[in-house]
Every structure is written in structure tokens, then in C-alpha cells.
Number of protein chains: 2
Amino acid sequence: MFIKIDLQSEIPIYTQLQNRIIEGIVSGDLKAGEPLPSVRTMASDLGVNMHTVNKAYNFLKQDGFIQIHRQKGVVINPDGMPEVTSEYLGKFKQEIRPIIAEALCRGMKEEDFSTFCQEVFNNLQEKRG
Amino acid sequence: MFIKIDLQSEIPIYTQLQNRIIEGIVSGDLKAGEPLPSVRTMASDLGVNMHTVNKAYNFLKQDGFIQIHRQKGVVINPDGMPEVTSEYLGKFKQEIRPIIAEALCRGMKEEDFSTFCQEVFNNLQEKRG
DNA sequence: TAACTGTTATACATAATATATAACAGTTAT
DNA sequence: ATAACTGTTATATATTATGTATAACAGTTA
């Protein structure tokens with residue numbers, strides 16, 4: 001686990017941790033069924049409190065990215081990732097709407113938008129084989 | 001001004017207001033040089049506190065979307081909108097990265113992503129002539 | 001038995017968000 | 001001049017979100 005958190009960021013630690021784990025799954029660093037460090041170990045590694053990690057884990061569990069077994073531990077969901085549901089799509093559009101609005105406002109063309117997104121796509125999948 | 005705020009949303013009111021104004025500029029509802037309601041009037045219209053509006057206005061001023069003249073009032077920046085600076089591009093990628101990461105994780109293809117974004121693009125620009 | 005799991009509970013500190021009230025220094029209209 | 005309006009600043013308060021600290025519980029696992 002090479003997860004790094006920015007303690008000075010305005011983004012909550014538990015949100016950063018959620019994002020890093022999802023990015024780990026996308027990059028292939030974290031594979032289906034692979035165990036994650038316990039809440040106490042992860043907290044110790046990151047230098048944060050146990051409950052902060054627990055909060056991130058529970059959000060990821062709620063969305064289906066990981067499974068938590070009471071006395072076993074935490075694993076990347078071995079049954080596969082959650083899908084593009086209509087509920088998720090609603091959240092997706094709500095989140096991306098203000099980003100696109102500001103981009104348009106600043107004169108970014110849809111073509112440039114696609115190019116910048118493609119850079120992010122490639123960067124996230126960089127480590128895949 | 002037909003700005004609506006969701007007081008039950010987890011998104012801060014001042015953030016929602018910023019987004020609605022930027023969307024208004026994109027849609028053409030708000031044109032360059034056009035005045036915005038005073039902080040007190042806007043607050044009264046939305047049913048929120050004056051300082052909440054003032055906070056939103058000042059963020060928009062800081063980014064160059066509006067101008068605030070001490071005893072005149074608030075107007076959409078008549079000199080044009082801020083551009084796609086490298087600083088903004090950094091913020092853009094930081095914001096869109098976790099959104100794309102989750103989309104990839106859920107198996108959304110880059111083609112589908114573009115399609116969904118295009119829907120948002122069209123929706124935002126709907127009212128343009 | 002000891003060490004480890006996630007979970008739950010309580011308590012505390014700090015920051016962010018939002019409101020409430022008041023005053024100030026400049027317009028602008030009457 | 002007076003009144004009504006601007007954005008701005010200051011102070012105070014309440015609520016929520018975030019993060020930490022400590023402890024205990026029930027169930028594995030070595």
C-alpha cells in the first residue's frame with residue numbers, strides 16, 4: 001500500500017482515502033479479492049485516526065467497492081465492482097455539471113474538454129498492463 | 001433572476017449560488033455588464049443570510065466572473081470571462097480526477113463518458129440562441 | 001491465552017457553514 | 001438635506017462536519 005494523504009488539503013481525509021483506493025482499483029494496484037490493511041493499520045500508516053479510516057471504508061462498502069467481514073478484514077469486492085446505475089448517473093451529472101459550466105464559461109471548447117479528460121483517463125490507467 | 005437554491009442539499013448555499021450564476025452566464029441568462037441583485041436583495045429572494053450571498057459574490061469576483069463596485073453594485077464582468085489558465089487547469093483536473101476514477105471503476109467507457117458529458121454540455125447551453 | 005478483526009460508544013477540539021445585528025462610508029433619488 | 005440604497009466590516013451565536021482520543025465488545029486466529 002503506497003497511499004499518500006495530504007493533511008493540509010481542504011479535501012477531507014476520508015474522502016481523499018476513498019479516492020486513492022478507487023484510483024488503486026482503476027490502476028490495477030488493488031485487485032478483486034485483495035485485502036486492505038485493517039482500519040488500525042491503515043490509520044497508523046497514514047498517521048490519522050482509526051475512525052477516519054473506518055469512515056472511508058464504510059462509504060466504500062456502502063457503494064460496493066469493498067467488502068467488510070466482521071472478523072476477517074477488508075477486501076476489494078471479489079464479486080466485481082458496482083455498475084453504472086441510474087442513481088449513480090444522477091450523482092455523476094450533478095458532480096460534473098458545475099465543472100463543465102465553469103469550463104464553458106472560460107471558453108473551453110468541448111474538444112479541449114475531451115482532450116483534458118483523456119489525459120486524466122490515461123493517467124489513471126497508466127499502470128494497467 | 002430565477003435562481004433556486006436547495007436548502008436541504010449537502011452542498012453549501014454559497015457554492016450553489018456560485019454554480020447557478022456561472023450556469024446563468026453560460027446559458028445566456030446573464031450577459032456581460034448585466035447587474036446582479038444586491039447582496040441584501042438576493043439574500044431576501046433566496047431566503048438566506050446576506051453574508052452567505054456576499055461570500056458567493058466575493059468568490060466570483062476573485063475568479064473574475066463578476067465585478068463589484070463599492071457604491072454601484074454587482075455586474076457580470078463586462079470585460080469578458082476569465083480564461084483557461086494553467087492554475088485553473090490544475091484545479092480542473094484535480095476536481096474531475098475522482099469523478100473519472102469512479103466512472104472507470106464502474107466500467108464506464110470513455111465513449112459513454114463523452115456522451116454523458118455532451119448531454120450536460122447541451123443542457124447547459126440549451127437556452128442559447 | 002494473546003493478538004488481532006470490525007464495531008460501537010463517549011467525549012472533546014477545531015473548522016466550516018449559516019444566521020443575526022449593527023455600524024460605516026459612500027452614492028443616488030427625492 | 002434627507003432617505004434609501006450600495007458593498008464592507010465587525011461581533012456574536014448556533015449547528016454541523018471533520019478529526020482525534022480512549023475504551024470496550026464479540027468474534028476470529030495464531
Side-chain angles (χ1 to χ4, degrees), chain A residues 1 3-21 30 33-78 91 95 98, chain B residues 1 3-21 30 33-78 91 95 98:
Chain A
M1 296 298 308
I3 289 181
K4 284 182 183 173
I5 297 296
D6 179 5
L7 297 176
Q8 310 307 321
S9 170
E10 82 282 0
I11 300 170
I13 298 172
Y14 69 88
T15 301
Q16 292 185 55
L17 182 53
Q18 284 179 262
N19 291 340
R20 291 302 91 72
I21 289 174
L30 300 172
E34 189 170 329
L36 283 176
S38 73
V39 287
R40 290 174 178 82
T41 302
M42 177 65 90
S44 175
D45 287 354
L46 299 178
V48 301
N49 190 273
M50 176 195 65
H51 296 100
T52 305
V53 175
N54 194 248
K55 192 171 181 178
Y57 278 7
N58 273 290
F59 277 123
L60 289 169
K61 171 192 172 190
Q62 194 175 338
D63 287 339
F65 294 103
I66 65 176
Q67 284 184 359
I68 302 179
H69 301 96
R70 173 102 195 193
Q71 276 84 19
K72 289 181 189 173
V74 182
V75 296
I76 306 297
N77 195 335
K91 192 193 75 167
E95 285 178 351
Chain B
M1 294 296 310
I3 289 181
K4 285 182 181 173
I5 297 296
D6 181 4
L7 298 176
Q8 310 307 320
S9 170
E10 81 283 359
I11 301 170
I13 298 172
Y14 70 89
T15 302
Q16 291 184 54
L17 181 53
Q18 283 180 263
N19 291 339
R20 290 303 89 75
I21 290 174
L30 300 172
E34 188 169 330
L36 283 176
S38 73
V39 288
R40 289 174 178 85
T41 302
M42 176 67 89
S44 175
D45 287 354
L46 298 178
V48 302
N49 191 272
M50 176 194 66
H51 295 100
T52 305
V53 176
N54 194 247
K55 192 170 179 178
Y57 279 6
N58 273 289
F59 277 123
L60 289 169
K61 172 192 173 189
Q62 194 175 338
D63 288 340
F65 294 102
I66 65 177
Q67 284 183 0
I68 302 180
H69 302 96
R70 174 100 195 192
Q71 276 83 19
K72 290 182 193 173
V74 182
V75 295
I76 307 296
N77 195 335
K91 191 193 76 167
E95 284 178 351

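All chains are named by letter (A, B, ...) in the order of the sequence lines, taking the proteins before the strands, and each is independently numbered beginning at 1.
No side-chain heavy atom of B:Ile66 sits under 4.5 Å from any side-chain heavy atom of B:Asn77.
Remark: A:Ser38 is in phosphate contact with C:dT5, judged by side-chain N or O atoms under 4.0 Å from OP1 or OP2. At the phosphate of D:dT18, neither OP1 nor OP2 sits under 4.0 Å from any side-chain N or O atom of A:Thr52. For B:Lys61, a side-chain nitrogen or oxygen approaches OP1 or OP2 of D:dT8 to under 4.0 Å. Distances shorter than 4.0 Å separate some side-chain N or O of A:Asn54 from OP1 or OP2 on C:dT7.
The separation between A:Asn58 atom CG and C:dG6 atom P is 10 Å, rounded to whole Å. Nucleotide C:dT5 holds its C1' atom 16 Å from the CD atom of A:Gln67, rounded to whole Å. The CD1 atom of B:Ile5 sits 13 Å away from the C1' atom of C:dA18 (whole-angstrom rounding). Atom CZ of A:Phe59 is separated from atom C1' of D:dT18 by 11 Å (rounded to the nearest Å). Look at CD on B:Gln8: it is 15 Å from C1' on C:dT17, rounded to the nearest Å. B:Arg70 places its CZ atom 6 Å from the C1' atom of C:dA25, with the value rounded to the nearest Å. Here the C1' atom of nucleotide C:dA16 and the CD atom of B:Gln16 are 15 Å apart, to the nearest Å. For B:Ile11 and D:dT16, the CD1 to P distance is 18 Å, given to the nearest whole Å.
The residue among B:Tyr57 and A:His51 whose nearest nucleotide of DNA chain D is located toward the 5' end is B:Tyr57. If you find the closest nucleotide of DNA chain C to A:Lys72 and to A:Met50, the one lying nearer the 5' end belongs to A:Lys72.
With hydrogens and angles ignored, no donor-acceptor pair under 3.5 angstrom links the side chain of A:Arg40 to the base of D:dT22. No hydrogens or angles were tested; on distance alone, nothing pairs the side chain of A:His69 with the base of D:dT28 as donor and acceptor under 3.5 Å.
Residue A:Tyr14 is in sugar-phosphate contact alone, with no base atom involved, counting any heavy-atom pair closer than 4.0 Å across all strands shown.
Checking D:dA30 for Watson-Crick or G-U wobble geometry (two distances, each under 3.5 Å) identifies C:dT1 as its partner. As the counterpart of C:dT8, D:dA23 is assigned, both hydrogen-bonding distances of the Watson-Crick or G-U wobble pattern falling under 3.5 Å.
Put simply, the side chain of B:Asn49 gets close to the backbone of B:His51: a donor and an acceptor are under 3.5 Å apart.
Other residues, nucleotides and ligands contribute only 12 or fewer heavy atoms inside 6.0 Å of the NZ atom of A:Lys72.
Counting only N and O atoms by type, the side chains of B:Ser38 and B:Thr41 include a donor and acceptor under 3.5 Å apart.
Between A:Leu17 and A:Ala56 the shortest heavy-atom distance is CD2-CB, 3.8 Å.
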